[in-house]
Number of protein chains: 2
Amino acid sequence: MPFPHYGQPRYRAVADELRRRIETGTIRPGTLLPAESILTAEFRVSRGTIRQAIAVLRNEHLVTTEHGRGTYANACRHASGPGAELEARERHVSADPELAALFAVEVGTVLLEHESVTRTNGTVGLVVRTYQLLQAEQ
Amino acid sequence: MPFPHYGQPRYRAVADELRRRIETGTIRPGTLLPAESILTAEFRVSRGTIRQAIAVLRNEHLVTTEHGRGTYANACRHASGPGAELEARERHVSADPELAALFAVEVGTVLLEHESVTRTNGTVGLVVRTYQLLQAEQ
DNA sequence: AGAAATTTGTCCGTATGTATC
DNA sequence: AGATACATACGGACAAATTTC
């Protein structure tokens, strides 16, 4: 079984298969993934390889791991259908006094605002807004 | 001699120390970090632990690794020179209607705001504000 | 309440493949 | 080609958090 890996690493192949199961609903959102020991037996790879594969999915925010509990499948957010919402947008806003002072411009000067929303399990966890001058020299 | 100090993983302690060296200029931007073998000898930990620590910094975009060559320190984005002011701060703010809708709370609910200012050549180039609920579960 | 089992987290040592100089 | 260094993979060990009995 320990084949040399030409081209694709094994942990990536495992990650691809697990991702497929989550996105197709074979592993449903909110449910636990099989334990590392189970996955080790199924894929015939070492525990480290399984953990590496899960780390890939965690980095993609597709799963969440809890110490002593297990790894949960999150709601996948890559639906490209009609219900897909925009998580980021840009718009022009007027500088409030604080922003005006920071940028050394007059209050009301138009700034470019970029807003991005990150959700965890469907609920908003963090909102990030960036502001910059329109004619950015950098 | 590998004494176990629990509470903080070793790879994290190594990452903290390396991050400190980069941010204080002990390791200058653009230069190569010491090789794994060197770090292994210095910190008295295994290669895997060193690699895990470097992965942390890579995830923070503090370093860049090139296959077969080494790991470079990137330019850190807050200068610590004598004229350096506080570029970041946290405070409590009341949710405006838009934020309230995003977080699904009532208008006026207290949120945690983190503001960070980046300057280029002394002038403000970008202001970043993040908002989150006070009881962060993450 | 407590002990045991389960599960993830960390760490070690080793081996081999692969890319760069 | 040789040296060096990163990437991948394995197996084992113990700790820590959680669940179950």
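This structure is a prediction, so every number in the text was calculated from the model and none was measured. Excluded from the calculations below are hydrogen atoms, water molecules and symmetry mates; all remaining heavy atoms, backbone and side chain alike, are included.
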Between B/A100 and B/A95, which heavy-atom pair has the shortest distance, and what is it?
N-CB, 4.0 Å

Provide the closest heavy-atom pair for B/A53 versus B/V14 in the form atom of the first, atom of the second, distance.
CB-CG1, 3.7 Å

Residues in salt bridge (Lys or Arg N to Asp or Glu O under 4.0 Å) with [X], at least two apart?
{"X": "B/R20", "value": "B/E17"}
{"X": "A/E98", "value": "B/R89, B/R91, B/R129"}
{"X": "B/R47", "value": "none"}
{"X": "A/R69", "value": "A/E66"}

State whether B/T49 places a side-chain N or O below 4.0 Å from either non-bridging phosphate oxygen (OP1 or OP2) of C/dT10.
no

From the set [options], return the single nucleotide nearest to any side-chain atom of [X].
{"X": "A/P9", "options": "C/dG9, D/dT8, C/dT7", "answer": "D/dT8"}
{"X": "A/T65", "options": "D/dT8, C/dG9, C/dC12", "answer": "C/dG9"}
{"X": "B/Y11", "options": "C/dT7, C/dT10, D/dT8", "answer": "C/dT10"}
{"X": "A/R69", "options": "D/dT8, D/dT18, C/dT7", "answer": "D/dT18"}

[X] [atom1] to [N] [atom2], straight-line distance once rounded to whole Å:
{"X": "A/L33", "N": "C/dT8", "atom1": "CG", "atom2": "C1'", "answer": "13 Å"}
{"X": "B/L39", "N": "D/dA5", "atom1": "CG", "atom2": "P", "answer": "11 Å"}
{"X": "B/I50", "N": "C/dC12", "atom1": "CD1", "atom2": "P", "answer": "9 Å"}
{"X": "B/R51", "N": "C/dT10", "atom1": "CZ", "atom2": "C1'", "answer": "16 Å"}
{"X": "A/H67", "N": "C/dT8", "atom1": "NE2", "atom2": "P", "answer": "9 Å"}
{"X": "A/Q8", "N": "C/dT18", "atom1": "CD", "atom2": "C1'", "answer": "16 Å"}
{"X": "A/R12", "N": "D/dA7", "atom1": "CZ", "atom2": "C1'", "answer": "10 Å"}
{"X": "A/Q52", "N": "C/dT8", "atom1": "CD", "atom2": "C1'", "answer": "16 Å"}

Connecting only ILVMFWY residues whose side-chain heavy atoms lie within less than 4.5 Å of each other, what is the rest of B/V56's hydrophobic cluster?
B/Y11

Scan nucleotides 11-13 of chain D against the protein and return all N/O pairs shorter than 3.5 Å with their distances rounded to 0.1 Å.
residue : atom : partner : partner atom : Å
D/dA13  : N6   : A/R47   : NH1          : 3.4

What contact category does A/E66 fall into here, base, sugar-phosphate, or nothing, at under 4.0 angstrom with non-hydrogen atoms?
sugar-phosphate

